Structures are given as structure tokens and as C-alpha cells.
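Remember, it's 1-based here, ligands and their atoms both numbered in the order they're listed. Because the structure is predicted, anything quoted here is derived from the model rather than measured.
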Amino acid sequence: MAKIFCIANQKGGVGKTTTTVNLAAGLAKVGQRVLMIDLDPQGNATMGSGVDKRQLETTVYDVLLESASVAEARVHSEKCGYDILGANRELAGAEVEMVALDRREKRLRTALAAVGAEYDFILIDCPPSLSLLTLNGLCAAHGVIVPMQCEYFALEGLTDLVNTIKQVHANLNKNLQIIGLLRVMFDPRITLQQQVSEQLKAHFGEKVFDTVIPRNVRLAEAPSYGLPGVVFDPPAKGSQAFVAFAEELVRKMPPASALAAEAASPPVPPVPAPMDAPPVAVQVPDSL
Ligand code: ADP
Ligand code: MG
């Protein structure tokens with residue numbers, strides 16, 4: 001069964017989409033069967049995987065409204081090596097249309113049950129909000145990967161995300177956990193970034209992935225060619241980092257059955273390492 005992960009952070013522009021498409025391509029590169037779901041009406045992950053969102057006849061919108069199955073709505077990208085359940089502007093309407101429907105938070109979860117056996121990983125690119133769309137992602141997932149920039153205000157908002165995840169865990173999806181924080185757009189020449197990065201590691205310990213994604217212009221250029229950086233320019237530093245991240249994830253992940261079996265454990269275990277000083281002067285969640 002597939003391990004289902006949301007890439008989430010309610011801040012915009014932190015690298016969610018870049019992480020989703022490059023992790024999908026990295027996982028495909030190391031032999032994993034991957035479905036990438038674009039849950040953002042902006043459709044950037046769709047376009048960034050070489051699928052023209054304006055030409056799509058069926059999207060995740062149809063899946064949420066149950067007028068198409070995942071099998072009907074997905075497309076395959078030969079170049080990228082993974083399947084795509086795309087999105088476009090139409091998805092913004094789903095938010096409103098779903099409010100009146102039953103099981104409105106669980107529609108994606110229900111739809112994915114039919115294809116879970118066909119994949120090793122299902123990655124969901126979430127919009128920059130804690131909306132009903134994001135909630136559908138969180139209800140369908142085993143875990144959340146949180147891309148973060150090592151900046152002064154990086155943890156601002158993490159508290160809201162952690163609280164939402166705790167609520168979803170308590171009320172809607174006992175399987176949900178935070179898989180880890182991924183440091184992205186990292187520039188080692190900037191002392192503050194190094195400091196924040198070290199403090200993140202000291203505070204959140206094992207919940208911070210070892211792999212660090214550097215700031216790399218090739219990753220930013222790749223979407224305009226309709227490709228993830230990993231496919232567009234494999235030797236680029238950023239691309240290599242995402243393949244290393246895919247390998248780290250495969251290495252660390254228990255099978256999906258074991259993930260689900262952890263249902264009773266809290267989504268975010270307390271972090272044992274004490275913290276000298278908070279990395280930022282904003283509210284920091286004391287555990288993940
Ligand atoms: P989000 O999905 O969270 O809004 P994006 O993945 O779209 O964020 O990234 C925001 C911008 O930063 C995009 O222009 C993207 O190309 C750029 N970007 C993301 N990660 C990197 C990186 N590691 N190096 C350079 N640019 C990056
Ligand atoms: Mg995005």
C-alpha cells in the first residue's frame with residue numbers, strides 16, 4: 001500500500017510545490033511508483049510536471065466531487081516518471097461546493113483507497129492555507145512533510161500547522177503524523193540560516209530530515225520547462241539533494257501498514273532535546 005504524504009505549510013512561497021514535484025521525480029528515479037496530487041488551484045505542481053492545466057478535462061476537482069475516479073482523472077508523465085492528478089482554477093470552486101456535501105473532509109481519502117495498492121508513494125501538494133482542500137489532504141495522509149526556510153520567521157505559523165495536525169489526528173485521522181521538517185532554499189553563506197538550521201535540529205531532533213535542499217537556480221528555472229529540476233538538470237546541486245532526500249525517505253519509512261498501526265500514538269511525539277534559546281522570537285511549538 002502506498003505511503004501518503006502531504007507537503008504542507010500554510011505560508012506561500014516556502015517551497016511546497018518545488019519539494020512535491022522534485023521528491024516525486026526523485027522517488028521515481030530510485031524505482032518507486034509515485035502518484036503526485038496537486039491540491040492547489042494555482043496548478044503549479046501540474047504545470048511543473050509538464051501537464052497543461054488548461055487542457056485537462058478531468059482533475060482532482062472531479063475526484064473531490066465524485067464525478068470521476070482517480071484512475072479516470074490521472075495522467076502519466078513519461079519524462080517525469082510519475083502519475084499526476086492535476087488541478088486548475090476550477091478547484092477553487094470545490095472549496096465552496098463541498099461545504100454542503102457529506103463526508104466533505106474525507107472525499108480524497110475515499111477516492112485514494114481505490115488506487116493505494118498501485119503506488120509506493122502518493123504525494124499531495126497542498127495550498128498555502130488551512131482550508132477544506134488542505135483538510136482533505138490531511139485526512140487522506142499518513143504523514144506531513146513540512147518544507148521550511150531557515151529564516152527568522154520560519155517557525156511563525158508552524159504552531160498553527162501543528163495545532164491543525166493535532167486536531168485532525170484527534171478527530172478525523174488517527175494515522176496522521178508529522179514525518180519531518182525539510183530545510184529548503186538553504187544558503188550556507190548566510191550565518192543566520194546556519195544558526196536557525198542548527199537550532200531546528202537541536203529543538204526538533206529526529207523530526208528534521210538530514211538532507212538539506214540548497215538554494216539553486218536550476219530548481220527555480222525548471223518549472224518554465226514543465227519539468228522538475230531532478231529531470232531538467234540531474235547534476236545540479238538542488239536536483240542531487242532531492243534525490244538524496246528521496247533516498248532518505250525510502251530508507252527511513254516503515255511500510256504503510258506499520259504507519260497505520262501507529263494509530264494510537266500521538267501525531268507529534270514530544271521532543272526530548274532541551275532548547276537553549278528559541279530560534280525565533282515568535283511562538284514556537286514545544287513539540288512536533
Ligand atoms: P510554494 O509551493 O510553497 O508556494 P514554491 O515551491 O512555488 O513554493 O517556491 C516558491 C519559489 O521559490 C518558486 O519560484 C520556486 O522556483 C523557488 N524555489 C523553491 N525552492 C527553491 C530552491 N531550493 N532554490 C531556488 N529557488 C527555489
Ligand atoms: Mg505551491
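Set against the non-hydrogen atoms of P214, the atoms of ligand 1 under 4.0 Å away are 22 (C), 23 (N), 24 (N).
A salt bridge does not link E248 with R251: every distance from a Lys NZ or Arg NE/NH1/NH2 to an Asp or Glu carboxylate oxygen is 4.0 Å or more. Electrostatic pairing of R215 and D187 does not count as a salt bridge here, judged by no charged N lying under 4.0 Å from a carboxylate O. E90 has no carboxylate O lying under 4.0 Å from a charged side-chain N of K53, or vice versa, which leaves the two without a salt bridge. A salt bridge links E66 with R107: the distance from a Lys NZ or Arg NE/NH1/NH2 to an Asp or Glu carboxylate oxygen falls below 4.0 Å. A salt bridge is defined here as a Lys NZ or Arg NE, NH1 or NH2 lying under 4.0 Å from an Asp or Glu carboxylate O, and D125 with K16 fails to meet this definition. Using a 4.0 Å cut-off between charged nitrogen and carboxylate oxygen, D210 and K252 count as a salt-bridge pair. Taking 4.0 Å as the cut-off between side-chain N and carboxylate O, R74 and E118 count as a salt-bridged pair.
Taking 4.0 Å as the cut-off, G13 counts as a neighbour of ligand 1 on heavy-atom distance. Heavy-atom separations between G15 and ligand 1 include at least one value shorter than 4.0 Å.
The shortest N or O to N or O distance between N216 and ligand 1 is below 3.5 Å. Residue-to-ligand polar distances keep L219 apart from ligand 1: every N/O pair is separated by 3.5 Å or more. An N or O contact shorter than 3.5 Å links V14 to ligand 1 by distance. Distances between N or O atoms of T17 and those of ligand 1 include at least one value under 3.5 Å. At a 3.5 angstrom cut-off on N or O pairs, K11 does not count as close to ligand 1. Geometrically, ligand 1 and T18 share a nitrogen or oxygen pair separated by less than 3.5 Å. Checked against a 3.5 angstrom limit, the closest N/O atoms of I213 and ligand 1 fall outside it.
Compare R215, M185, Q42, Q149 by their heavy atoms: the one nearest to atom 17 (C) of ligand 1 is in M185.
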Run the side-chain contact (heavy atoms from CB on, under 4.5 Å) check on L35 and L112 step by step: do they pass? CA-CA 10 Å; L35 170 66; L112 288 182; 4.2 Å; yes

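If you look at P223 next to ligand 1, there are no close heavy atoms at all, none under 4.0 Å.
Not one N or O on the side chain of D38 forms a donor-acceptor pair closer than 3.5 Å with the backbone of G86.
Counting protein heavy atoms only, atom 16 (O) of ligand 1 is closest to A220 CA, 3.3 Å.
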